[in-house]
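Labels below follow one simple rule: chain letters A, B, ... track the order of the sequence lines, proteins then strands, and each chain is numbered from 1.
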Number of protein chains: 2
Amino acid sequence: MGSSAKEEARIADALCKAVLERKLAPGSKLPEEELAQIFRSNRAKIRRVLLLLSRSHIVTLEPGRGAFVSRPSPQEARDVLASRRLIEVSLLARPYRKLSAQGAERLRRIMTQEAQAHAAHDAIAMIYLSGQFHLTLIEELGNKVLKSITGELILRMSLIITMYERQNTTCCLSSDHHDLLELLGAHDYAEASALMARHLEGIESCLDFHREPATTTILSQILQPLKD
Amino acid sequence: MGSSAKEEARIADALCKAVLERKLAPGSKLPEEELAQIFRSNRAKIRRVLLLLSRSHIVTLEPGRGAFVSRPSPQEARDVLASRRLIEVSLLARPYRKLSAQGAERLRRIMTQEAQAHAAHDAIAMIYLSGQFHLTLIEELGNKVLKSITGELILRMSLIITMYERQNTTCCLSSDHHDLLELLGAHDYAEASALMARHLEGIESCLDFHREPATTTILSQILQPLKD
DNA sequence: AGGCTTGATATTGTAAACAATAATGGTTGA
DNA sequence: TCAACCATTATTGTTTACAATATCAAGCCT
């Protein structure tokens, strides 16, 4: 019966997924009882999950008021973006190891899925797969610690994009991923690093920190399909 | 009184401080009831603190067995060291902003304290101040997000050094900090970055991942002075 | 004698009841 | 009609007791 940690991980993953897929808007309230019903769990477990997510800056706990999906400030947003850029660009410039054959294969497989999602106009899958591409890259050229750090930054970026994205822009060009993989295959890390810098700057250029949008959202309908 | 978050932060800080100062050896058991007595708190709060610390990889929770100070594996140790090196070296090479006058002043003040601690042979203060120097540097040239990420890595490094340090070595030369500040004052970031790389490599060269030491420690006496 | 089983003890994990606080809505008075 | 106030309701926060599990020690059997 001791699989409570597993269950909590499942709930946390579901919430993170919802954030990643931009279903949970920043500022949304996360009532404990409601979450417990949705995930067929109890308040104690939900409470622990929210506490952990607050540590990842995904959730903000306001004493006496409850848990809310975080609303990163413009300054925090800039810092998160810059930090991610530093890590990824620097790692590509001086990777800990060359890209292995199976590493390239892993990346190619993700890219194939990206192409399929693109063809199917599945924006949600594209966001998820783009993240996976970057994380896999970091794991292959770097290590697991950097991967987990960047994973958190990507999650926070999801909130940032939801809050500050300009209308009518499509972030995350998957064509860049293709070129990136080609450069890495040729072991041209200097050029790959430069491309990664442009890639991330491209994402940032889609943001506008002047607007402070509402986007505070409903919860129940959005999260219903998550209960497994 | 709603200041429970504050109290938990105090307990977490005390535990982190103990880890930083190498008083809490990796592998030490952290019984909830005992901690509650030491900090004049209750199990519920201790439990939340341990949960949060487990997320920072400072504490490992074993289901049904309790909480232990983490014992980073050699591989995890290498990854943590490499990640910290990547962040600090890259940031110095291409800082987000030049070192300001008050930034230099902050660093100089820490260095002065370091010198005092060195004169007083206060090894504990030196460890703490060395960390503060690095974190302040990152905040001045980078941002708060990078600072918090690196703060966690430094904490993990403390565990790593405790576990794998060779005998008769003194890590963390404060003379490097002096030279570093001079180079930064002259805005020679390329050379500062190179020095930082050598500095961190110097720390790593004091480690020996072959030995797997015991070091599992008592708890009560060590933590008694922490209860405020 | 040594290893294994078994019972006792201590520690962790969970649930439920209770208390405290914030949000809500309705009422009253200017 | 609007604003301020109070009562009600809902939600969060804390404590308590209890259940489950692991640890330890003694006794038993081979």
Enumerate the protein-to-nucleotides 5-8 of chain C contacts in which both atoms are nitrogen or oxygen and the separation is below 3.5 Å.
none

>> Just to verify, what does B/F133 make a ring pair (Phe, Tyr, Trp, His ring centres under 6.0 Å) with, not counting sequence neighbours?
In response: B/H177
>> So does A/A82 get a backbone contact from the side chain of B/Y96, meaning a donor-acceptor N/O pair under 3.5 Å?
In response: yes
>> Just the rounded figure in Å: distance from P of C/dA15 to CZ of A/R40.
In response: 16 Å
> Does anything in residues 43-56 of chain A reach DNA chain D, meaning a heavy atom under 4.0 Å, and if so which residues?
Replying inline: A/R43, A/R47
>> Could you tell me how far apart A/L61 (CG) and C/dT21 (C1') are, to the nearest whole angstrom?
In response: 16 Å
> Rounded to whole angstrom units, what separation is found between the CD atom of B/E8 and the C1' atom of D/dG13?
Replying inline: 11 Å
>> Check whether B/S90 reaches the backbone of B/L86 with its side chain - one donor and one acceptor, N or O, closer than 3.5 Å.
In response: yes
>> I need the CZ-C1' distance between A/F68 and D/dT12, as an integer number of Å.
In response: 11 Å
>> What is the distance, to the nearest angstrom, from the CD atom on A/E33 to the C1' atom on D/dA10?
In response: 11 Å
> At what distance, to the nearest 0.5 angstrom, does CZ of B/R78 lie from OG of B/S73?
Replying inline: 8.0 Å
> Where the side chain of A/N42 is defined as all heavy atoms beyond and including C-beta, which of C/dA15, D/dT15, C/dT12 is the nearest nucleotide?
Replying inline: C/dA15
> Looking at residues at least two apart in the chain, or sitting in another chain, which of them share a side-chain hydrogen bond (donor to acceptor under 3.5 Å, both in side chains) with A/R109?
Replying inline: none
> Among D/dT11, C/dG13, C/dA23, which nucleotide sits nearest the side chain of A/R65?
Replying inline: C/dA23
> Among side-chain atoms of A/R48 and A/S4, is any donor-acceptor pair under 3.5 angstrom?
Replying inline: no
>> Measure CD/A/E62 against C1'/D/dT12 and give the value in whole Å, please.
In response: 13 Å
> Is any side-chain nitrogen or oxygen of A/S4 closer than 4.0 Å to OP1 or OP2 of C/dT14?
Replying inline: yes
> Are OP1 or OP2 of D/dT12 and a side-chain N or O of A/K29 less than 4.0 angstrom apart?
Replying inline: yes
Please set out all donor-acceptor pairs under 3.5 angstrom arising from side-chain atoms of residues 148-156 of chain B, sequence neighbours excluded.
| residue | atom | partner | partner atom | Å |
| --- | --- | --- | --- | --- |
| B/T150 | OG1 | B/L146 | O | 2.8 |
| B/R156 | NH1 | B/H57 | ND1 | 3.4 |
| B/R156 | NH2 | B/E76 | OE2 | 2.9 |

>> Can you classify the ring geometry of B/H134 versus B/H199 as parallel (below 30°), tilted (30 to 60°) or perpendicular (above 60°)?
In response: parallel
> With sequence neighbours left out, what residues match B/T136 under side chain to side chain contact (heavy atoms under 4.5 Å, CB included)?
Replying inline: B/R106, B/L107, B/I110, B/E140
